[in-house]
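Everything on this sheet refers to the single structure shown next.
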Amino acid sequence: MKKQIVRTFVFMLTFCIYFNGCKQESRLAGNLKFDNITHEESQHLFDDASKPEAKLKIDFSFIKESSDEKMKDSVNHMLQKLVFGEKYSIQEPQQSVKLFADNYFSTYHKDLEPMYREENTEMGGEPNETWYSYEYETETKVEYYDKHLLTYRFYMEEFTGGAHSIYFTYFQNIDLRTLKQIELNDLLIGEYDEELTELLIAQLMKDVGASTKEELEEYGYGTTADIIPTENFKLTPGGISFLYNIYEIAPYVIGPVEIDLSFKQLDPILNTEYMIVKELRK
């Protein structure tokens with residue numbers, strides 16, 4: 001009798017472990033496993049250590065394993081296109097990183113060495129090193145992955161000898177059912193532009209403590225361009241976070257502007273039938 005009870009207990013325990021494991025696995029479409037590739041390199045003009053140099057730093061997150069090979073390849077190509085461009089979107093991730101790095105330094109030498117040589121001749125001395133010192137950095141991260149949604153963050157900063165560097169952040173939200181990038185038209189219904197614009201402005205006013213739109217402009221927001229909906233957003237379980245990079249709606253000194261709208265705020269224009277929305281709101 002005791003042996004029978006033990007066998008029954010072991011069976012039930014094994015079943016529970018298996019069931020919970022399957023339940024967790026089913027939450028993650030494709031059962032994606034991620035890895036990252038890092039690449040750091042610098043090269044001097046004319047391969048001369050006494051001359052200015054270009055520095056490159058890449059940290060690229062990609063899908064290493066998946067229960068669905070088509071999903072893995074399709075999503076990796078989307079991520080490579082976002083980070084490196086169309087030209088480097090169809091190779092294996094490691095190859096894309098290498099080709100991008102090779103092209104970066106090849107372009108640096110090709111474009112700047114003739115300019116440096118010409119300026120050196122005209123000035124009769126070494127040109128200003130700052131104007132020929134370049135830097136390029138990319139950093140990527142999986143922001144969110146659950147059920148059929150993958151949200152990916154891409155940060156890029158570049159210095160090309162100017163007064164200061166330029167930096168941007170872009171988000172890509174991928175529907176793992178369709179293997180396509182999610183757009184506002186998927187998430188919202190009707191003629192939503194005007195209502196969404198008002199929601200964005202009202203939330204920004206609240207965030208910065210402005211009581212009127214005129215006061216918001218006095219703070220610098222909406223001075224470089226109108227505040228309108230952007231496709232640069234990230235989806236979260238709480239709602240949608242809209243990101244405006246430097247210069248898009250405010251001067252460089254203000255920096256990037258992020259406006260968070262909850263699903264509750266968006267409810268009148270939210271496409272509640274879209275599966276990704278349903279999954280996030282549960």
Side-chain angles (χ1 to χ4, degrees), residues 75 78-79 81-83 140-156 166-282:
V75 174
M78 293 175 69
L79 302 182
K81 182 179 178 180
L82 173 69
V83 178
T140 62
K141 177 185 178 183
V142 176
E143 287 275 319
Y144 185 83
Y145 169 43
D146 192 25
K147 300 185 179 71
H148 295 90
L149 172 63
L150 173 65
T151 299
Y152 189 82
R153 175 184 180 272
F154 163 48
Y155 171 82
M156 183 276 285
I166 298 295
Y167 60 97
F168 301 97
T169 296
Y170 294 104
F171 293 104
Q172 192 166 62
N173 305 273
I174 300 174
D175 185 333
L176 296 175
R177 297 173 308 146
T178 62
L179 300 180
K180 292 181 179 179
Q181 180 170 336
I182 300 169
E183 300 177 348
L184 288 178
N185 283 336
D186 299 314
L187 303 168
L188 307 175
I189 57 175
E191 300 296 327
Y192 60 79
D193 277 2
E194 185 175 341
E195 188 166 355
L196 179 56
T197 298
E198 290 301 315
L199 287 170
L200 288 166
I201 293 174
Q203 185 61 51
L204 181 58
M205 288 172 57
K206 182 178 179 181
D207 291 342
V208 302
S211 55
T212 63
K213 293 182 181 179
E214 291 73 23
E215 188 177 358
L216 192 65
E217 289 188 8
E218 289 176 6
Y219 290 165
Y221 299 95
T223 56
T224 57
D226 291 338
I227 302 171
I228 59 175
T230 174
E231 290 287 345
N232 190 19
F233 62 85
K234 67 176 177 180
L235 284 165
T236 72
I240 307 177
S241 180
F242 297 84
L243 179 65
Y244 298 87
N245 282 300
I246 53 173
Y247 294 128
E248 288 188 336
I249 62 170
Y252 182 92
V253 66
I254 289 180
V257 179
E258 193 165 351
I259 306 174
D260 298 329
L261 294 180
S262 68
F263 286 132
K264 184 177 180 180
Q265 289 172 286
L266 292 164
D267 191 64
I269 53 175
L270 193 62
N271 182 4
T272 55
E273 295 304 310
Y274 183 44
M275 179 177 283
I276 299 297
V277 172
K278 287 182 178 180
E279 291 180 345
L280 284 171
R281 297 179 80 193
K282 285 183 179 178

**Study point:** Evaluation steps, side-chain contact (heavy atoms from CB on, under 4.5 Å), between Tyr170 and Asn245
**Key:** CA-CA 9 Å; Tyr170 294 104; Asn245 282 300; 3.8 Å; yes
Review point. Heavy atoms, side chains only, cut-off 4.5 Å: are Tyr244 and Thr230 in contact?
Key: yes
Point to revise | Spacing of CZ belonging to Arg281 relative to CD1 belonging to Ile276, to within rounding of 0.5 Å | key: 14.0 Å
Revision key, fill the gap. To the nearest 0.5 Å, atom CG of Leu184 lies from atom CG of Leu196 at 6.5 Å
Exercise for review: First locate atom CG of Asn271, then atom CG of Leu188, and finally report the distance between them rounded to the nearest 0.5 Å.
Suggested key: 8.0 Å
Exercise for review: Evaluate the criterion side chain to side chain donor-acceptor pair (under 3.5 Å) for residue pair Asp175 and Tyr274; output intermediate values, then yes/no.
Suggested key: CA-CA 11 Å; Asp175 185 333; Tyr274 183 44; 2.9 Å; yes
Point to revise | Spatial distance of atom CD1 (Ile174) from atom CG (Leu82) [nearest 0.5 Å] | key: 8.5 Å
Review point. Take atom CD in Glu231; do more than 12 heavy atoms of anything else shown fall under 6.0 Å from it?
Key: yes
Point to revise | Verdict with reasoning, Leu243 to Val257, per side-chain contact (heavy atoms from CB on, under 4.5 Å) | key: CA-CA 6 Å; Leu243 179 65; Val257 179; over 6 Å; no
Check your understanding: For the residue pair Tyr219 and Ala210, what are the closest heavy atoms and their distance?
Key -> CE1-CB, 3.8 Å
Practice item. Show your working on ring pair (Phe, Tyr, Trp, His ring centres under 6.0 Å) between Tyr252 and Tyr247 and close with a plain yes or no. Key: CA-CA 6 Å; Tyr252 182 92; Tyr247 294 128; 5.8 Å; yes
Review point. Within a strict 4.5 Å, meaning less than it, do heavy atoms of the Thr224 and Glu248 side chains meet?
Key: no
Practice item. Determine, step by step, whether Thr140 and Tyr152 satisfy the side chain to side chain donor-acceptor pair (under 3.5 Å) criterion, reporting the C-alpha distance in whole Å, the side-chain angles of both residues, the deciding distance to 0.1 Å, and the verdict. Key: CA-CA 7 Å; Thr140 62; Tyr152 189 82; 3.1 Å; yes
Point to revise | Closest non-hydrogen atom pair, Thr223 against Ala250 | key: OG1-CA, 4.5 Å
Practice item. Find out whether Leu280 and Leu235 are in side-chain contact, i.e. whether some heavy atom of one side chain is under 4.5 Å from a heavy atom of the other. Key: yes
**Study point:** Between OG1 on residue Thr151 and CG on residue Asn173, distance to nearest 0.5 Å
**Key:** 4.0 Å
Point to revise | Minimum side-chain heavy-atom gap Ile189-Leu270 below 4.5 Å | key: no
Point to revise | Lys/Arg-Asp/Glu bridge criterion (N-O < 4.0 Å) met for Glu279, Arg177 | key: no
Point to revise | Smallest separation among heavy atoms of Gly239 and Phe263, with atom names | key: N-CE1, 3.5 Å
Review point. If we ignore angles and hydrogens, is there a donor and acceptor under 3.5 Å between the side chains of Asn185 and Tyr192?
Key: yes
Review point. How far apart are the closest heavy atoms of Leu149 and Ile182, and which atoms are they?
Key: CD1-CD1, 3.7 Å
Check your understanding: Do Phe154 and Thr169 come close enough that some side-chain heavy atom pair is under 4.5 Å?
Key -> no
Check your understanding: Nearest heavy-atom pair of Asp260 and Gln203: which atoms, and what distance?
Key -> O-CG, 3.4 Å
Exercise for review: Begin from the C-alpha positions of Glu273 and Lys278 and carry the test side-chain contact (heavy atoms from CB on, under 4.5 Å) through to its verdict.
Suggested key: CA-CA 7 Å; Glu273 295 304 310; Lys278 287 182 178 180; 3.6 Å; yes
Review point. Can you name the closest pair of heavy atoms from Leu176 and Lys147 and give their distance?
Key: CD1-O, 4.1 Å
Check your understanding: Does any non-hydrogen side-chain atom of Phe168 lie less than 4.5 Å from one of Tyr155?
Key -> no
Review point. Does some side-chain heavy atom of Thr197 sit less than 4.5 Å from a side-chain heavy atom of Ile227?
Key: no
Check your understanding: Are Pro268 and Glu195 side-chain neighbours, meaning at least one heavy-atom pair lies under 4.5 Å?
Key -> yes
Check your understanding: To the nearest 0.5 Å, how far apart are CZ in Arg153 and NZ in Lys234?
Key -> 8.0 Å
Practice item. Return yes if a side-chain donor-acceptor contact under 3.5 Å exists between Thr236 and Tyr144, otherwise no. Key: no
